[in-house]
Amino acid sequence: MPELPDVETMRRYLEATSLQQEIEAVTFHSAGYLLGDDPGPHREAVRRLKGGLEGRSFEDTGRHGKWMFVWLSGDGHQALGLHFGMTGGLKYFRDTADEPAYGRVRFDFTNGYHLAYISMRKLGAVRLIEDVERFINRKELGPDALSKALDFEAFRHLLEDRRTMIKALFLDQQVLAGLGNVYADEILYQAGIHPRTKADELEGHDLGALYEKMHDVLETAIDRQAQPGDFPESYLTVHRHEDGVCPRCGAELERVKVSSRTSYYCPTCQERPTG
DNA sequence: CCTATAGCCTGACGGC
DNA sequence: TGCCGTCAGGCTATAG
């Protein structure tokens with residue numbers, strides 16, 4: 001699931017459930033790959049996470065693109081950094097019977113509840129971060145797709161003069177942080193732009209449509225808590241499957257690979273690039 | 001600068 | 001039923 005709207009939904013979930021409770025213990029279940037590179041049963045990452053979290057509490061949350069940050073009580077600006085890869089999520093629960101499958105890291109609070117970081121495929125990441133700003137800079141993440149600072153001028157500046165296909169730029173977290181395969185397709189569909197269009201071939205009104213639809217789509221998805229089943233019928237995402245049909249014109253949707261990712265689009269509503 | 005590929009990890013699905 | 005290939009809403013490293 002985890003693109004910007006999914007991560008934002010989980011951020012709000014954590015915010016609503018898990019702040020201001022002392023963390024009694026942190027446990028790991030075949031989470032090695034999620035924690036970083038150091039091998040072995042007494043990995044440095046485990047030692048640091050336990051040391052940094054136990055006895056403290058979650059104070060505040062933030063998000064940049066697909067990364068969630070949870071600031072910790074105590075001195076310094078330390079935060080827990082969570083990335084959810086392809087299959088990650090969170091679950092807050094009390095009874096052991098409600099413990100989710102594939103919980104890789106579990107935070108036990110002194111009030112008897114637990115927060116599980118879930119990841120079936122282990123493609124995400126769990127990190128103790130000293131300084132979130134520096135972390136974002138080091139990863140060279142682009143601006144968050146919904147940040148206030150990203151006004152239309154800034155958005156246009158990110159894309160202009162790039163000869164790359166627009167969908168590839170949308171997927172590149174160093175250009176713009178937060179979009180993934182599904183929402184990139186949705187925004188391009190809503191804007192009526194073919195995924196293989198080169199960015200420097202986009203007209204001014206195309207860029208305007210992309211900027212506007214990017215906000216519409218992401219905000220709508222967040223409103224619906226990133227549940228595709230609750231999306232408007234006019235959304236590509238609802239029809240994004242084998243034999244899917246364009247909700248606007250009824251044409252059969254087509255699939256192409258862009259950046260090695262499957263892209264769905266409507267061959268009549270999203271015009272092929274002229275080049 | 002741009003594109004394509006492989007690999008990380010696990011499960012679901014379709015075909016034989 | 002069992003086995004096999006392919007694919008999946010992410011990201012990185014590498015090669016051309």
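Computed from a predicted structure; not experimentally measured. Just the heavy atoms: all of them, side chains too, but no hydrogens, waters or symmetry mates, feed the values below. Lettering follows sequence order; numbering is per chain, from 1.
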Novice: Take the protein atom CG of Leu123(A) and the nucleotide atom P of dC11(C), then report the distance between them rounded to whole Å.
Specialist: 10 Å

Novice: Check Arg12(A) with Glu8(A), please: is the shortest side-chain N to carboxylate O separation under 4.0 Å?
Specialist: yes

Novice: Between dC3(C) and dC9(B), how many Å separate the two P atoms, rounded to a whole number?
Specialist: 23 Å

Novice: Taking the basic N atoms (NZ, or NE/NH1/NH2) and the acidic carboxylate oxygens, is any pair closer than 4.0 Å for Arg48(A) and Glu44(A)?
Specialist: no

Novice: Between Phe170(A) (CZ) and dG9(C) (C1'), how many Å, whole number?
Specialist: 16 Å

Novice: Salt-bridged, Asp6(A) to Lys66(A), with N to O below 4.0 Å?
Specialist: no

Novice: At under 4.0 Å between heavy atoms, what does Ser260(A) touch on the DNA or RNA strands: base, sugar-phosphate, or nothing?
Specialist: base

Novice: Just checking Tyr102(A): base, sugar-phosphate only, or nothing, at a heavy-atom cut-off of under 4.0 Å?
Specialist: sugar-phosphate

Novice: Calculate the interatomic distance between Arg240(A) atom CZ and dC7(C) atom P; express it in whole Å.
Specialist: 14 Å

Novice: Does Arg248(A) make a cation-pi contact with Tyr189(A), if we ask for NZ or CZ under 6.0 Å from the ring centre and within 45° of the axis?
Specialist: yes

Novice: Quick one: do Glu99(A) and Arg106(A) make a salt bridge, cutoff under 4.0 Å?
Specialist: yes

Novice: Measure the distance from CG on Leu141(A) to P on dT12(C) and round it to the nearest whole Å.
Specialist: 8 Å

Novice: What range of DNA chain B does chain A touch, first nucleotide to last, counting atoms under 4.0 Å from its heavy atoms?
Specialist: dC2(B) to dG11(B)

Novice: If we take the P atom in both dG14(B) and dG9(C), what is their distance in whole Å?
Specialist: 16 Å

Novice: Let me spell it out: for each of Arg104(A) and Val258(A), pick the nucleotide of DNA chain B with the closest heavy atom. Which residue's pick is nearer the 5' end?
Specialist: Val258(A)

Novice: If you measure from the Lys or Arg side-chain nitrogens to the Asp or Glu carboxylate oxygens, is any gap between Arg162(A) and Asp200(A) under 4.0 Å?
Specialist: no

Novice: If the test is side chain to side chain contact (heavy atoms under 4.5 Å, CB included), which one of Leu169(A), Leu159(A), Leu141(A), Leu150(A) qualifies with Leu176(A)?
Specialist: Leu150(A)

Novice: Remember a base hit wins even if backbone is also touched, and classify Thr237(A) as base, sugar-phosphate or nothing at under 4.0 Å, heavy atoms.
Specialist: nothing

Novice: So, Phe107(A) versus Phe58(A), ring centres under 6.0 angstrom or not?
Specialist: yes

Novice: Between P on dG9(C) and CG on Leu236(A), what's the gap in Å once rounded to a whole number?
Specialist: 12 Å

Novice: If you look only at distance, which donor and acceptor atoms sit under 3.5 Å apart when one is on a side chain in residues 251-258 of chain A and the other is two or more places apart or in another chain?
Specialist:
residue: Glu254(A); atom: OE1; partner: Tyr265(A); partner atom: OH; Å: 3.0
residue: Arg255(A); atom: NH1; partner: Tyr264(A); partner atom: OH; Å: 3.3
residue: Lys257(A); atom: NZ; partner: Thr262(A); partner atom: OG1; Å: 3.4

Novice: Using whole Å, report how far OH of Tyr235(A) lies from P of dG9(C).
Specialist: 18 Å

Novice: In whole Å, I'd like the distance from the CD1 atom of Ile222(A) to the P atom of dG9(C).
Specialist: 19 Å

Novice: Once pairs are restricted to Watson-Crick or G-U wobble with both distances under 3.5 Å, how does DNA chain B read as a dot-bracket string, [ ] for crossings and | for other-strand pairs?
Specialist: .|||||||.|||||||

Novice: Can you tell me the distance, in whole Å, between the CE atom of Met86(A) and the C1' atom of dC11(C)?
Specialist: 10 Å

